Amino acid sequence: MADYNHIDIESRWQQYWRDKEVFKTEINKDKPKYYVLDMFPYPSGAGLHVGHPLGYIASDIYSRYKRQQGFNVLHPMGYDAYGLPAEQYAIQTGQHPEKTTNDNIARYRSQLDKIGFSFDWSREVRTCDPKYYKWTQWAFMQMFNHYYDTELGKARPISELVAHLEKYGTEGHHAAETKEINFTADQWNAMSEKEQRETLMNWRIAFQGETMVNWCPELGTVLANDEVSEGLSVRGGFPVEQKLMRQWCLRVSAYAPRLLDDLNNLAWSDSLKETQRNWIGRSEGAEMRFPVKNSDIELEIFTTRADTVFGVTFMVLAPESEYVKLLTTPEQKEAVDAYLNEVKHKTERERQIDKKVTGVFTGSYAINPLSGKEIPIWVSDYVLAGYGTGAIMAVPAHDSRDYAFAKKFNLPIIPLIEGADVSEESFDAKEGIVCNSCGPDLDLNGLTVKEAIAKTKQHISEKGIGRVKVNYRLRDAIFSRQRYWGEPFPVYYKDGIAYLMDESALPLLLPEVSSYKPTADGEPPLGRAENWKTPEGYPIELCTMPGFAGSSAYYLRYMDPHNDEALVSKEADEYWRDVDLYVGGAEHATGHLIYSRFWNKFLYDLGLVVSPEPFKKLVNQGMIQGRTNFVYRIKGTNTFVSKGLADQYETTPIRVDVNIVNNDILDREAFKAWRPYFADAEFILEDGKYVCGYAVEKMSKSMFNVVNPDVIVEKYGADTLRLYEMFLGPVEQSKPWDTNGIDGVNRFLRKLWNIFSKRTDSEQSAKEKKIMHTLIKKVSQDIENFSFNTSVAAFMIAVNELGKLPSVSAKSMDEFARLIAPFAPHIAEEFWHELGHEGSVSDSEWPKWDEEALKEDTVKYPVQFNGKMRFNIEVPAGSDKAAVEKAALSDPAAEKWLEGKTPKKVIVVPGRIVNIVI
RNA sequence: GCAGGAAUGGUGGAAUGGUAGACACGGGGGACUUAAAAUCCCCUGGCCGUUGAGGCUGUGUGGGUUCGAGUCCCAUUUCCUGUACCA
């Protein structure tokens, strides 16, 4: 055989896989299914860097392994093709986002192909493809046509709710709602169609609502909560402000209890589950009504600290609360209006940065329902309109925010826990013995906080002052985007009221527009589309759907990607069911992974999918960071000093392209050619070399530390890249990319190649068999545990050991080819065919290890004295504890450590260790 | 602030409570070669010692449980990730 030539081998086998459609998957009821999914990428203009394929390589190894184990493996790939960067590029250049997107997809595809993945490309989906987004639009229509029954805990057709309203009005319905409204059947029946449709928005799962939204003026669009971080847009980092707008929303909040409970059944990492639990944010408390003095208004509040009602010294309304208007007295009106105005002009960012305590008194008083005391009602922006009821009872002694407010406005502070010192700060901990809490019909003094909460809850329910209530932090998802590059809504407006189009109108194609900017009067880009009307002339919705719309059910579409009749056929869904293994980044914890679960549960309620959860097991691959190289320029010169000598000069570190640095040694000629102003650079060397410094940073163009997988594949081959990415460390862990170590992996493949070339037809010797079966066992177990770095190490050990043998049999090489096929499929395929097999090695059977072959004649025991390792003994296999103990004590080396004493105790752990206690 | 995770050589990282540092990179030495590359062999946590001995010490820090702790428990520091006026 010739030398190992990765270019020839890899292109040949990739061609073979394409020609023979080796990875095309069909339903096969004779085989168990296994569904391995990667989070599909957004094809950005920058292309892939070496960090992106990490998860894809891991999932590819796993799916090839499962396939060799006899599973029918579904392993698809596609593109999350709608997104902001393509649209912004379109605004700048006028190029259609579809063109940009297609170009980027082509580039991604060619990069992915070079790595040798076992994707079934016949199932590719693109979210911007009308055949695909037809089903995104269709799902939206189903959500529009359903409401959520909180008692049954599932979605039901809106027609059933309408039937209830016609008969009973709102009395006794259990629909999850935007806000509580009440009317009788007669009132409902008397409503006009327009009124009825507007009212139903209160219950539909996809509904239009006036909500406070995250409005990003720079991007000209609304953003979902997970698209905003610290008051800035995640994409672009532009300021985001709060604005009241009429938007499409999805009633995700209705599913909060199920989204929370079902987490327990998932094989996800604890940290990811915890992130979702926090995001859903269940809190158990009480809802309580505080009557307003001289009025029949009652203020409803939510609290988790029912035990502190006796310490309520004032109440606070959110500025947006509708009670503000009702409770402001004429004398206070001017001050309140001024305050509201001031708050309105603050952005979310400003609100968060300056945590100045502000507020204003409404002039009204409420009555504490337990103590009967009068308490003033204030307005402040530290109370959020969107959580609970938009009003709070303030307990300054035991809540730090209320404390700050009370201090600023000189409101009384009553401590309620024995021994709590509230002269400097509030006592927030939920512990201690309650005091100062005795009213006309309730005495909490002497109880623990926990007991007091329970007793108060019971009391207020009995007295009808309030009720036990569970609140969730999870908000409804805002589903409109004022953008062009997204799915159009199958919605038109008649008399200003939204109507769904007929299903036969699907897919509703995204129209062409003359420009991708908002229109002059501030409408979304679709406002420029000509003839954006139904045949009857009704205007069509101008917003498009957000990015998560298309990515929420794509895993279902892969099961049956070409079906024109349904999102997924019953047959395909019942066979493939759910994703067995999902690999992707943890950054989707509170976005995609919530929305997808919600979407799946909705379809599950409708009986359209059989699995209540989409992703059984989930692995979060870590991020690959960049390893930036630095050169050190002596200040005021164009002379660069090597790292080891840099501290002798006053230098400025400058980032240098990692691609002109090898093992931290700078390629000086390439450096001079890199930038014109370095052309006449001079160097101060150490040992004739220029050594660069390094730091770990995010991999990005601006840091000059991007490593392109294409370059690695060309130089070393895809098999080397695959093995090396796995060898770097655990898949779940973030780590810097360092090309330096890659030679070791490449060396291993060449050694393997040489051993293969010299194989003989002789029998597999016992020694060989032992090496191979140790390897089979180790690799099999490691793959199951997703511990690919240690598998790669095991391969290296095996090759080193095989290399020491006088000869290696073809049988061992046969086993080796099958074992390494998931990791390095190209070289494995080459071996497989050299060995005379037909078909792909990915269809070969996964080898099983033989415990017999691993057995030793003797067992080695480390002998410890008082836990300190001293010497080793060897005993025949199968020796019992007494025999091992005897062998240890009678070993000549034991005498020295026993020092003539009798051991107090001897511990023998079979197969492990002997510890002698003296 | 809260929640979750992590901390092991010069570097990436191995270690079902049982000989810490597998495997690899880097470094040092040697073989082959006119030379270089490639390849192969040996050494490589620290300290003391020896120069075919050996010993001590060592997994962020301080305690604890155990015959035995990198691993379990408590406290603490630092770092990373997520989240944050959520009442």
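Just so it is clear, the model here is predicted, and its values are computed rather than measured. Protein chains get the first letters and strands the later ones, always in sequence-line order, with residue 1 at the start of each.
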Next on the checklist: Classify the ring geometry of A:Phe405 against A:Phe314: parallel below 30°, tilted from 30° to 60°, perpendicular beyond 60°.
Outcome noted: parallel
Checklist entry - Expressed in whole Å, how much space separates the C1' atoms belonging to B:G9 and B:G28? => result 16 Å
Next on the checklist: Walk along nucleotides 20-25 of chain B from 5' to 3' and tag each nucleotide B, S or - by protein heavy-atom contact under 4.0 Å, base first, then sugar-phosphate.
Outcome noted: --BBSS
Next on the checklist: Taking B:G82 as the reference, what is the distance to B:A14 when you measure between their C1' atoms (whole Å, please)?
Outcome noted: 29 Å
Checklist entry - Parallel, tilted or perpendicular: which describes the rings of A:His398 and A:Phe427, with under 30° parallel and over 60° perpendicular? => result perpendicular
Checklist entry - Under 4.0 Å between a side-chain N or O of A:Arg750 and OP1 or OP2 of B:U39? => result yes
Item to check | Proximal nucleotide (of B:C86, B:U83, B:G18) relative to the A:Thr590 side chain | outcome: B:U83
Next on the checklist: In terms of relative ring orientation, are A:Phe823 and A:Phe788 parallel, tilted or perpendicular, with 30° and 60° separating the classes?
Outcome noted: perpendicular
Item to check | A:Glu287 and A:Arg467 ion-paired at < 4.0 Å | outcome: yes
Item to check | B:A87 phosphate, OP1 or OP2, under 4.0 Å from A:Ser283 side-chain N/O | outcome: yes
Checklist entry - When the nearest nucleotide of RNA chain B is assigned to A:Thr304 and to A:Glu587 on a heavy-atom basis, which residue is associated with the more 5' position? => result A:Glu587
Checklist entry - Distance between the C1' atoms of B:G18 and B:C72, in whole angstroms? => result 14 Å
Checklist outcome for this item: Residue pairs meeting side chain to side chain donor-acceptor pair (under 3.5 Å), one or both in residues 689-698 of chain A, sequence neighbours left out, come to A:Thr628-A:Glu697, A:Arg655-A:Glu697
Next on the checklist: Quick check on B:C67: is either OP1 or OP2 less than 4.0 Å from any side-chain nitrogen or oxygen of A:Lys905?
Outcome noted: yes
Checklist entry - Does NZ or CZ of A:Arg870 lie under 6.0 Å from the centre of the six-membered ring of A:Trp897, at an angle within 45° of the ring axis? => result yes
Item to check | B:U77 versus B:C25 - spacing of their P atoms, nearest Å | outcome: 40 Å
Checklist entry - Are any of the side-chain heavy atoms of A:Leu593 and A:Trp279 separated by less than 4.5 Å? => result no
Next on the checklist: Can you tell whether the side chains of A:Arg277 and A:Glu274 come within less than 4.0 Å, N to carboxylate O?
Outcome noted: yes
Item to check | Residue A:Glu274, side-chain heavy atoms: nucleotide from B:G18, B:A3, B:U19 that is nearest | outcome: B:A3
Checklist entry - Taking the same atom, P, in B:C23 and in B:U33, what whole-Å distance lies between them? => result 30 Å
Item to check | Phosphate OP1/OP2 of B:A87: any A:Tyr382 side-chain N/O under 4.0 Å | outcome: no
Can you give me the N/O atom pairs linking the protein to nucleotides 47-50 of chain B at distances under 3.5 Å, or say none if there are none?
none

Next on the checklist: Looking at A:Glu431 and A:Lys450, is any side-chain nitrogen of the basic one under 4.0 Å from a carboxylate oxygen of the acidic one?
Outcome noted: no
